[in-house]
Participant: 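Sharing a structure here in structure tokens format.
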2 protein chains.
Amino acid sequence: MTESYGIAELAREFDITTRTVRFYEDKGLLSPERDGQRRIYGPRDRVRLKLIMRGKRLGLSLEEIGELMDLYDADPSEVTQLTQFIDVIRARKSALEVQKQDIEDSLAEMTRIEKQCADLLQQKQGRNAAASEE
Amino acid sequence: MTESYGIAELAREFDITTRTVRFYEDKGLLSPERDGQRRIYGPRDRVRLKLIMRGKRLGLSLEEIGELMDLYDADPSEVTQLTQFIDVIRARKSALEVQKQDIEDSLAEMTRIEKQCADLLQQKQGRNAAASEE
DNA sequence: CGTGTACTTTACGTTTACGTAAACCTCCCC
DNA sequence: GGGGAGGTTTACGTAAACGTAAAGTACACG
């Protein structure tokens, strides 16, 4: 008895609408079972949705996310396919490295600004305290 | 004589279209000088464009990018503003931390897959070599 | 003066990722 | 058997981020 979910249940868990879940199916990112006309989602769909959400947080389009997930569960049999496959993965990885660097740069800048603000705040509060002391 | 650029020049440098540059201006992200009716971009615009592109690579919307850049060159005078300001920056930072974690997870998975592929490739090539040896 | 080259405004078109509404099942419960 | 609760399809609407003409301006060059 492998666990299964209704669409509302799944949507709630990921904090999205049922419309969105169906939309992802329409785009080929999910493929739930059916009980009559109702959709039944299994563990595989849950994992996929998790990957989709992560992809979105990274700013990927649904199409890119789909391609990535295809990579995840494809197994290339031919040697030529295999080497191409590796190339694709490496390209993807280096894109992520760029993004990681961007994030680190941004974090550094924001930390700098944050510190500036904290210093300024100290000064101002210091003066206020001094003013209310006499 | 502070360096300046035409729109085409700037667009070429960042590998975007002039339409895009004007669009960013329309959204309040750039504000070039004018020589008659023509736009003249200075160093400040270049820096801003660089920030915009980085924001886009991070998957931010133009609106979010605008807000971030506002943070960068605003200087909050009131203490209450200052503390709010710091809160905003911290929220932004923690969002970036999440994204960074997402990237690291993704990189780990992809590295795993890449290794799998490399092993598989070794095996296959090994067999091919053995087959062509006799 | 005509031709280019570079730039301008105006405006409608397009893709992505859904939102929102309408109209229809279907099972369960009182 | 009337009504929820939860699900379904169909389809039009929408915001963001530009693309893509169309038509005009401004200046240099032969």
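Values below: every heavy atom of this structure, side chains too, minus hydrogens, waters and symmetry copies. Below, chain A is the first sequence line, B the second, and so on; all start at residue 1.
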Participant: Check side chain to side chain contact (heavy atoms under 4.5 Å, CB included) between R38(B) and all other residues, then give those that pass, not counting sequence neighbours.
Facilitator: none

Participant: Assign a letter to each nucleotide of nucleotides 17-27 of chain D from its 5' end: B, base within under 4.0 Å of a protein heavy atom; S, sugar-phosphate only; -, no contact.
Facilitator: BBBB-------

Participant: Rounding to a whole Å, what distance do you find between D26(A):CG and dT16(C):P?
Facilitator: 13 Å

Participant: Give the intermediate values and the outcome of salt bridge (charged side-chain N to carboxylate O under 4.0 Å, His left out) for residues D73(B) and R48(B).
Facilitator: CA-CA 11 Å; D73(B) 49 35; R48(B) 291 209 132 220; 3.3 Å; yes

Participant: What's the CG-C1' distance between D35(A) and dG7(D), to the nearest Å?
Facilitator: 11 Å

Participant: Does K27(A) form a salt bridge (charged side-chain N to carboxylate O under 4.0 Å, His left out) with E63(A)? I'd like the steps, not just the answer.
Facilitator: CA-CA 8 Å; K27(A) 293 296 160 181; E63(A) 194 177 344; over 6 Å; no

Participant: Measure from CD1 on I52(A) to P on dA17(C) and round the result to the nearest Å.
Facilitator: 11 Å

Participant: Roughly how many Å is it from CD in E25(A) to P in dA17(C), rounded to a whole number?
Facilitator: 17 Å

Participant: If I take atom CD1 in residue I40(B) and atom P in nucleotide dA6(C), what distance separates them, rounded to the nearest angstrom?
Facilitator: 15 Å

Participant: Take atom CG of D15(A) as the centre, draw a 6.0 Å sphere, and report whether it contains more than 12 heavy atoms from other residues, nucleotides or ligands.
Facilitator: no

Participant: Report the distance from atom CZ of R22(A) to atom C1' of dT10(D), rounded to the nearest whole Å.
Facilitator: 12 Å

Participant: Does any N or O in the side chain of T111(A) come within less than 3.5 Å of the main-chain N or O of L107(A), such that one atom is a donor and the other an acceptor?
Facilitator: yes

Participant: Side chains of E9(B) and Y41(B): donor-acceptor distance under 3.5 Å anywhere?
Facilitator: no

